[in-house]
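Since we're looking at a predicted model, the values are computed, not measured.
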Amino acid sequence: MSHTTLADHSAEAMTSGYASRDFDPSEVLVAVVDRMDECEPVINALHHRDDERSSAAAKASAKRWREGRSLGALDGVPVTIKENVARRGVPMPSGHAWSEVPVSTHDAPITQRLEEAGAVIVGSTTMPDWGMLSSGVSSLHGITRSPLDPSLTTGGSSAGAGAAAAAGYGPIHIGSDIGGSIRLPCTWLGLAGLKPSFGRVPLDAPYMGRCAGPLARTMADVKAAMDVISAPDVRDYSSLPAQGTPEPWGFDPKGLRIGLQLDAGCGSRSTRRSHPPSPRRPIVSQLPEPWSRPSTHSSTMNC
């Protein structure tokens, strides 16, 4: 693939296109599915995908847009959720090779809010066993790799969410974070993301320190996700009252101190590569619009 597609659009660009009837959610989903088919054999970002279910959701969204009944800023927008976020009927292995994988019998608050907003959930993303590694290595899934360079780690534990965001599996990807599980993939993959305050995004199994939040390629998409998934829910004892998220526009870093972490302080250097060297295979020769800002990344993505 040598050009960008509808899969690379931001949430706002997608819904603007739906409103103007330049394209519809089903066309966007086809572009995302094509991207997943192309990249998954290498990056291994998805634990579960249900193309039939997401196709039905996209068709329902397209009908709403045609009839002027849009549900809002995420209606028809493709998203993924981390595999530890419950979705009715979807296995929840939490990255672990169980003998019998538990299957969710309910939707988590995040899943419910996204579906109420009309978002098209295209799949559940991978994580390492129980989220206990800062990488994408799992006894069940194997290795989740960086779309920027498959020989490099994605960071973790929201490894699949980060890989999916960087590869362009739609604009919004929900992860979870205790000690860096959103922040590390965002850092190592050049993404925007947020570990919200405890209780800001309701969970169905809350405990101190664990938060869920979005990974994306722009802060505008992070905000669009937060506006939906931060709605209060009685199932979470820590759920905070509703609060609007601030607009990301007009941010000026002048006068602020910026920390740069060059050494994670753990692990060891190794000359071994987890992925054998191979000729670079460009997946996107021209980065999507959100990536057009100055960056240290190569101008090619490799899946």
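For the residue pair A11 and I172, the shortest heavy atom distance occurs at CB-CD1, 4.3 Å. What you find for G131 and M127 is that their closest heavy atoms are N-CE, 3.3 Å. Across P185 and G162, no two heavy atoms sit closer than the pair CB-CA, 4.3 Å. Taking both residues in full, the closest heavy atoms of A167 and C39 are given as CB-SG, 4.4 Å, listed atom of the first, atom of the second, then distance. Smallest separation of non-hydrogen atoms from P171 and V77: CG-CG1, 3.4 Å. Nearest heavy atom pair, residue E83 against residue P93, reads OE1-CG, 3.0 Å.
Applying the salt bridge (Lys or Arg N to Asp or Glu O under 4.0 Å) test to residues at least two apart or on different chains, the pairs with a partner in residues 99-114 are R113-E116, R113-D233. Applying the ring-ring contact (aromatic ring centres under 6.0 Å, His included) test to residues at least two apart or on different chains, the pairs with a partner in residues 27-60 are H47-H141.
Summarising the hydrophobic clusters (Ile, Leu, Val, Met, Phe, Trp, Tyr; side-chain heavy atoms under 4.5 Å, direct or chained), the residues clustered with Y207 are I178. Annotation for I258: hydrophobic cluster partners, listed by chain and number, are none (ILVMFWY side-chain heavy atoms under 4.5 Å, direct or chained). F198 belongs to a hydrophobic cluster whose remaining members, ordered by chain and number, are M208, Y237; membership requires side-chain heavy atoms of ILVMFWY residues under 4.5 Å apart, directly or through intermediates. Its side chain outside the 4.5 Å cluster rule for every partner, V90 clusters with none of the Ile, Leu, Val, Met, Phe, Trp and Tyr residues.
Screening S158, S94, S176 for a side chain to side chain donor-acceptor pair (under 3.5 Å) with N84, the sole residue that qualifies is S176. With V228 as the partner, the side chain to side chain contact (heavy atoms under 4.5 Å, CB included) test is satisfied by one option alone out of I110, L74, L71: L74. Results of the side chain to side chain contact (heavy atoms under 4.5 Å, CB included) test with I174 over V79, I229, I121 single out I229 as the only residue that passes.
Between R145 and N44, the closest side-chain pair of non-hydrogen atoms is not below 4.5 Å. The closest side-chain heavy-atom distance from L6 to M14 is not below 4.5 Å. Between P109 and D204 there is a side-chain heavy-atom pair separated by less than 4.5 Å. Counting heavy atoms from C-beta on, the side chains of L194 and M226 come closer than 4.5 Å. Residues L240 and Q243 have side chains not in contact (no heavy-atom distance under 4.5 Å, counting atoms from C-beta outward).
The distance from the CZ atom of R200 to the OG atom of S230 is 6.0 Å, given to the nearest 0.5 Å. Taking CD1 of I182 as the reference point, atom NE2 of H173 lies at 13.0 Å (rounded to 0.5 Å). Taken to the nearest 0.5 Å, the CZ atom of R53 stands 3.5 Å off from the CZ atom of R87. Taking NZ of K195 as the start and SG of C186 as the end, the distance is 13.0 Å to the nearest 0.5 Å. L152 contributes atom CG, which lies 10.5 Å from atom CH2 of W188 (distance to the nearest 0.5 angstrom). The CZ atom of R235 lies 10.5 Å from the CG atom of L203; values are rounded to the nearest 0.5 Å.
Under the side-chain contact (heavy atoms from CB on, under 4.5 Å) criterion, E67 pairs with K63, R69, not counting sequence neighbours. Every residue two or more places apart in sequence or in another chain that forms a side-chain contact (heavy atoms from CB on, under 4.5 Å) with D22 is listed here: S20. For the side chain to side chain donor-acceptor pair (under 3.5 Å) test, residues two or more places apart in sequence or in another chain that qualify with H96 are D129. For V137, the side-chain contact (heavy atoms from CB on, under 4.5 Å) partners are L133, S135, I143, not counting sequence neighbours. Every residue two or more places apart in sequence or in another chain that forms a side chain to side chain donor-acceptor pair (under 3.5 Å) with D75 is listed here: S61, R64. Evaluation of the side-chain contact (heavy atoms from CB on, under 4.5 Å) rule for D34 yields V30 as partners, not counting sequence neighbours.
Hydrophobic clustering of Ile, Leu, Val, Met, Phe, Trp and Tyr side chains at less than 4.5 Å, counting indirect connections, keeps L46 apart from M92. No continuous path of ILVMFWY side-chain contacts below 4.5 Å connects V101 to V85, so the two sit in separate hydrophobic clusters. Criterion: ILVMFWY side-chain heavy atoms under 4.5 Å apart, direct or through other members. Under it, V42 and M36 are part of a common hydrophobic cluster.
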task = Give the C-alpha distance, both sets of side-chain angles, the deciding distance and a yes or no for side chain to side chain contact (heavy atoms under 4.5 Å, CB included) between T15 and W65.
result = CA-CA 9 Å; T15 54; W65 281 100; 3.9 Å; yes

Please determine whether salt bridge (Lys or Arg N to Asp or Glu O under 4.0 Å) holds for the pair R217 and D8, giving the CA-CA distance in whole Å, both sets of side-chain angles, and the decisive distance to 0.1 Å. CA-CA 9 Å; R217 286 179 288 176; D8 300 305; 3.7 Å; yes

Does the side chain to side chain donor-acceptor pair (under 3.5 Å) test come out yes or no for T218 and S10, once each step is laid out? CA-CA 8 Å; T218 69; S10 67; 5.9 Å; no

Next on the checklist: Before you tell me yes or no, could you show the steps for S124 and T80 under side chain to side chain contact (heavy atoms under 4.5 Å, CB included), namely the whole-Å CA-CA distance, both residues' side-chain angles and the distance that decides it to 0.1 Å?
Outcome noted: CA-CA 6 Å; S124 298; T80 68; over 6 Å; no

- request: Could you walk me through whether S54 and L29 pass side chain to side chain contact (heavy atoms under 4.5 Å, CB included), step by step?
  value: CA-CA 8 Å; S54 57; L29 178 62; 3.9 Å; yes

Practice task
Decide side chain to side chain contact (heavy atoms under 4.5 Å, CB included) for Y18 and E27; before the verdict, give the C-alpha distance in whole Å, the side-chain angles of both, and the deciding distance to 0.1 Å.
Solution key: CA-CA 10 Å; Y18 302 158; E27 293 174 273; over 6 Å; no

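At a threshold of 4.0 Å, the pair K223-D227 counts as salt-bridged, since one of the basic side-chain nitrogens sits closer than that to a carboxylate oxygen. Between D51 and R49 there is a salt bridge, since a side-chain N of the basic residue sits under 4.0 Å from a carboxylate O of the acidic one. D177 and R210 are not joined by a salt bridge, as no carboxylate oxygen comes within less than 4.0 angstrom of a charged side-chain nitrogen.
Looking at S138, its side chain does come within 3.5 Å of a backbone N or O of G95 through a donor-acceptor pair. Listed for the E12 side chain is no donor-acceptor partner under 3.5 Å among the backbone atoms of A220.
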